[in-house]
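For the numbers below, each heavy atom of this structure counts, side chains included, while hydrogens, waters and symmetry mates do not. The residues of the chain are indexed from 1 along the displayed sequence.
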Amino acid sequence: QVQLVESGGGLVQAGDYLRLSCAASGRTFSIYRMAWFRRAPGKEREFVASIKWSDGTTDYKDSVQGRFTISRDNAKNTVFLQMNSLKPEDTAVYYCAAAGVYRPYDMWGQGTQVTVSS
């Protein structure tokens, strides 16, 4: 199994930035891609961004494209989410997730709260 631990959340003002980190441990060799999801109060969990572990190919939710950047440090088994120009609608619990080859995202962290005040 893979264990995922997020960090870096907090309370910021609109326009500010935050950098989330997700450290993976355990059977990290099984990871094919990693992603960030978020769940806002009263809403369903939604995809934010993903990155392929091998070549760094990325994908983003339209509303964060150009503001958020996902990256990884393979040597440290860590994925990051740099969030710039934060908006109140970005307020949510952010979850890190991992998937193996031809697998859904079935490995999850505990989540980290991001709150953006207007």
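Distance CZ/R103 to OG/S30: 9.5 Å, rounded to 0.5 Å. Of the inter-residue distances, the one linking M34 atom CE with W53 atom CH2 reads 5.0 Å to the nearest 0.5 angstrom. Separation of atoms OG1 (T58) and CZ (R72) is listed at 10.0 Å; rounding is to 0.5 Å. Distance check, rounded to the nearest 0.5 Å: SG of C22 to CD of Q110 gives 8.5 Å. Within the model, atoms OH of Y17 and CD of Q82 stand 8.0 Å from one another, a figure rounded to the nearest 0.5 Å.
The two residues R33 and P104 make their nearest non-hydrogen contact at NH2-CA, 4.5 Å. Shortest non-hydrogen contact noted between S118 and A14 is CA-CB, 4.4 Å. A pairwise comparison of heavy atoms in S21 and W36 identifies O-CH2, 3.6 Å as the closest pair. For the residue pair V2 and T28, the shortest heavy atom distance occurs at CG2-N, 4.2 Å. Looking at every heavy atom in both residues, R38 comes nearest to D90 through NH1-OD1, 3.0 Å. Pairing each heavy atom of Y94 with each of L20, the nearest pair is CB-CD1, 3.6 Å.
Panel note: side chain R19, backbone L81; no donor-acceptor pair is recorded below 3.5 Å. Checked by atom type and distance alone, the side chain of Y60 pairs as donor or acceptor with a backbone atom of I70 at under 3.5 Å. Under the 3.5 Å distance criterion, the side-chain polar atoms of D59 are left unmatched by any main-chain donor or acceptor of I51. Judged purely by atom type and a 3.5 angstrom limit, R67 uses its side chain to pair as donor or acceptor with the backbone of S85. Here the side chain of T78 pairs a donor or acceptor atom with the backbone of K76 at under 3.5 angstrom. In this structure, the side chain of E6 engages the main chain of C96 through a donor-acceptor pair within 3.5 Å. T91 contributes no side-chain N or O that, together with a main-chain N or O of T115, makes up a donor-acceptor pair within less than 3.5 Å.
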Could you walk me through whether E44 and R39 satisfy the salt bridge (charged side-chain N to carboxylate O under 4.0 Å, His left out) test, starting with their C-alpha distance in whole Å, then the side-chain angles of each, then the deciding distance to 0.1 Å, before giving a yes or no?
CA-CA 6 Å; E44 297 290 319; R39 177 175 286 160; 5.4 Å; no
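Aromatic ring pairs are classed by plane angle as parallel below 30°, tilted from 30° to 60° and perpendicular above 60°; the pair F37 and F47 is perpendicular.
Between W108 and L4, the closest side-chain pair of non-hydrogen atoms is not below 4.5 Å.
For CD of Q13, the number of neighbouring non-hydrogen atoms (other residues, nucleotides, ligands) closer than 6.0 Å is 12 at most.
Taken together through direct or relayed side-chain contacts under 4.5 Å among Ile, Leu, Val, Met, Phe, Trp and Tyr, V64 and V12 form part of one hydrophobic cluster. The hydrophobic cluster containing V116 does not contain Y95, counting ILVMFWY residues as joined when their side-chain heavy atoms lie under 4.5 angstrom apart, directly or transitively.
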